[in-house]
Undergrad: 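Pasting a structure here, questions to come.
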There are 2 protein chains.
Amino acid sequence: MSGEKVLVAISPSTEELVNIVDSALLEGDVLTIFARCRVHYDGRAKSELGSGDRVILIKPDGSFLIHQTKKREPVNWQPPGSRVRLELREGPILVSVRKKPRETLEVELEDVYMISAFRAEDYEELSLTGSESEMAEMIFESPELIEPGFRPLFREKQIRHGIVDILGKDSRGNLVVLELKRRRAELHAVSQLKRYVEALMEENGGNVRGILVAPSLTSGARRLLEKEGLEFRKLEPPRRTGAGKGRQTTLL
Amino acid sequence: MSGEKVLVAISPSTEELVNIVDSALLEGDVLTIFARCRVHYDGRAKSELGSGDRVILIKPDGSFLIHQTKKREPVNWQPPGSRVRLELREGPILVSVRKKPRETLEVELEDVYMISAFRAEDYEELSLTGSESEMAEMIFESPELIEPGFRPLFREKQIRHGIVDILGKDSRGNLVVLELKRRRAELHAVSQLKRYVEALMEENGGNVRGILVAPSLTSGARRLLEKEGLEFRKLEPPRRTGAGKGRQTTLL
DNA sequence: ATATGCATGTCGTAA
DNA sequence: TTACGACGTGCATAT
């Protein structure tokens, strides 16, 4: 890297390839490779990808991404913690291995158009607002958003068959389960809520109310919710101004 | 691109930056940028990311990825179909806009270490085996994998409250719902199965059996399954040899 | 466009 | 490590 942030080789020789890969893996650089390649994956599932041009990204934490020219998702990948090495068989092959579960990714490099190493320095974390956990905070701050007299008692409360978002009581002392969704709630959300309500009825006895709290409902979710005698409270996730969650910006 | 697959500029001037970005967007190249940048996102949620070194990937289909040095997931992104442009304010800013839902991603490029355009050609599709849909095919081919006398009748059958993986009948003529999972089944899977069984009991009347078909169960899933009188059949997803799903390799 | 569910999901958190 | 559920989930599919 000779003191620079970026090292690039166009159509590198095998020797150059080996040197740059080895150095990058050693030094903790991000490796980016443009290459014609074939990909073989075997692990939780198994896949083959024939020859074509792709962008390969290898991060110092072991993350390994192979991107085609379309879609947000990598066509093949390996998660953080995987160990990568460059093998020389007929041609150069990138091999990434994960253990637990055992998964291997092999990339036959048929033609390397470019390889680059990037000494990236980054100390920042994403600060995001509009999440479900912020909805929960908002409800604890202003319980009347649910209904007059609602008292939230537990957050992420483990019960017999799952984990309830918010557990509280209404003005009459009935147990109330809230299931929060940051976006339009689907059947899945109603199933969750029903599971929690049924578990609490068994554990606790007596009447238990279930309220789905979300900006809106799908048609099917509303149908099931009504059939099951569950309730809906419309609520949007809040948008904190400036920094959201993440690292707190220290004032002054 | 002057006839080559790859064009690279190290520490480009603003003019070079503009030229390469414009040309790549026009020509359908994959753009890769190493830069110190700040990121602002607003859409379904809202986020801020302070200054740091990242890898930026922009695909010809509008996919936009910003990667930090860790994790498999991009820290910020825009999905396919988004429209990107390079604006010049105080400095260069990449702006990507998606409509429906309206989402904007802005990347302030504080220091561009490298920019490259890659004229990638790729006509291959991933061929994957070990999926849930292959489990379903296997069960239709060999219903006795479930139990003697089991007859599968419908695949992905829409019912009142959801879509059943496989609907069939047992040797006694009872309706049987199968919920398939390609990996260890969790509480969620049992909730699904229960929802389908209850819906069919209402719709159809009479006894309806529910069988969760998966390689294994979590402790909680087993607990709920037993409480609800549902059944479990251990089954691994099959591994087709050679090509799996995807493009069929024509034999002969 | 809406609804529904899979995914090599990935990721964070708690027991 | 396992279990559980969120995610700006993304993505395919069916209506």
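Chain letters run A, B, ... following the sequence lines, proteins first and then strands; every chain starts at 1.
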Undergrad: Starting at the 5' end of DNA chain D and moving along, which residue's nearest nucleotide shows up first, A:R182 or B:L187?
TA: B:L187
Undergrad: Students often get this wrong, so: under 4.0 angstrom with heavy atoms, is B:G162 touching a base, only sugar-phosphate, or nothing?
TA: sugar-phosphate
Undergrad: Distance check needed: D:dC7 P versus A:L180 CG, whole Å only.
TA: 10 Å
Undergrad: Ignoring backbone atoms, test whether B:R98 places a side-chain nitrogen or oxygen under 4.0 Å from the OP1 or OP2 oxygen of D:dG8.
TA: no
Undergrad: When you measure from the side-chain N and O atoms of A:Q192 to the phosphate of D:dC4, is any distance below 4.0 Å, counting only OP1 and OP2?
TA: no
Undergrad: Describe the nucleic acid contact of B:G220 in one word from base, sugar-phosphate, nothing, applying a heavy-atom distance below 4.0 Å.
TA: sugar-phosphate
Undergrad: With sequence neighbours excluded, tell me which residues meet side chain to side chain contact (heavy atoms under 4.5 Å, CB included) with A:E226.
TA: A:R222
Undergrad: Ignoring backbone atoms, establish whether A:S219 has a side-chain N or O less than 4.0 Å from OP1 or OP2 of C:dA3.
TA: yes
Undergrad: With sequence neighbours left out, write down each residue that passes side chain to side chain contact (heavy atoms under 4.5 Å, CB included) with A:K234, or none if nothing qualifies.
TA: A:F232, A:E236
Undergrad: Can you find a side chain N or O atom of A:K181 that sits less than 4.0 Å from OP1 or OP2 on D:dA6?
TA: yes
Undergrad: Rounded to whole angstroms, how far apart are NE2 on B:H161 and P on C:dG5?
TA: 12 Å
Undergrad: Does the B:E103 side chain pair with the main chain of B:S82, one donor and one acceptor, at a distance under 3.5 Å?
TA: no
Undergrad: Would you state whether a donor and an acceptor, one from the side chain of B:D165 and one from the base of C:dG5, lie under 3.5 Å apart?
TA: no
Undergrad: Without decimals, in angstroms, what is the distance between B:R155 CZ and C:dC6 C1'?
TA: 10 Å
Undergrad: So does A:N76 reach the base of C:dT8 with its side chain, donor to acceptor, closer than 3.5 Å?
TA: yes
Undergrad: Between B:W77 and D:dT9, is there a side-chain N or O to OP1/OP2 distance below 4.0 Å?
TA: no
Undergrad: Measure from the side chain of A:E132, starting at C-beta and using heavy atoms only, and say which of D:dT9, C:dT8, D:dC7 lies closest.
TA: D:dC7
Undergrad: At under 4.0 Å, does any side-chain N or O of B:R183 touch on OP1 or OP2 of C:dG9?
TA: yes
Undergrad: Can you tell me whether the side chain of A:E73 and the base of D:dG10 have a donor-acceptor pair closer than 3.5 Å?
TA: no
Undergrad: Looking only at atom types and distance, does a side-chain atom of B:E87 sit under 3.5 Å from a main-chain N or O of B:E106, one as donor and one as acceptor?
TA: no
Undergrad: Heavy atoms from C-beta onward define the side chain here; which of C:dT8, C:dA3, D:dG8 lies closest to that of A:R184?
TA: C:dA3
Undergrad: Would you mind telling me which of C:dT8, D:dC11, D:dG8 lies closest to the side-chain atoms of B:P80?
TA: D:dC11
Undergrad: D:dC4 phosphate, OP1 or OP2: any side-chain N/O from A:Y196 under 4.0 angstrom?
TA: no
Undergrad: Write down the distance between CG (B:L128) and C1' (D:dA12), rounded to a whole number of angstrom.
TA: 14 Å
Undergrad: With a 4.0 Å cutoff (strictly under), does any side-chain N or O of B:R44 reach OP1 or OP2 of D:dT9?
TA: yes
Undergrad: Within the side chain of A:Y196, is there an N or O that forms a donor-acceptor pair under 3.5 Å with the backbone of A:I163?
TA: yes
Undergrad: Give one of base, sugar-phosphate or nothing for B:Q78, where a contact means two heavy atoms less than 4.0 Å apart.
TA: base
Undergrad: Roughly how far apart, to the nearest Å, are D:dA14 and C:dT8 at atom C1'?
TA: 25 Å
Undergrad: A:E198 vs B:K227, test: salt bridge (Lys or Arg N to Asp or Glu O under 4.0 Å). Steps then yes/no.
TA: CA-CA 12 Å; A:E198 287 176 354; B:K227 188 182 93 66; 5.6 Å; no
Undergrad: Could you give the NE2-to-C1' distance, from A:H188 to D:dC7, as a whole number of Å?
TA: 11 Å
Undergrad: Would one find a side-chain N or O of B:R195 under 4.0 angstrom from OP1 or OP2 of C:dG5?
TA: yes
Undergrad: Name the closest nucleotide to the A:K100 side chain, picking from D:dT2, D:dG8, D:dA6.
TA: D:dT2
Undergrad: Could you work out which one of C:dC6, C:dT4, D:dG8 sits closest to the side chain of B:I163?
TA: C:dT4
Undergrad: Could you check B:Y41 against B:S63 and say which one's nearest nucleotide on DNA chain D is further toward the 5' end?
TA: B:Y41
Undergrad: Would A:R184 and A:S216 count as having a side-chain donor-acceptor pair, cut-off 3.5 Å?
TA: yes
Undergrad: Among D:dA6, D:dG5, C:dT4, which nucleotide sits nearest the side chain of A:T218?
TA: C:dT4
Undergrad: With the side chain of B:K71 defined as its heavy atoms from C-beta on, choose the nearest nucleotide among D:dG8, C:dG12, D:dC4.
TA: C:dG12
Undergrad: Just the rounded figure in Å: distance from P of C:dT10 to CZ of B:R72.
TA: 6 Å
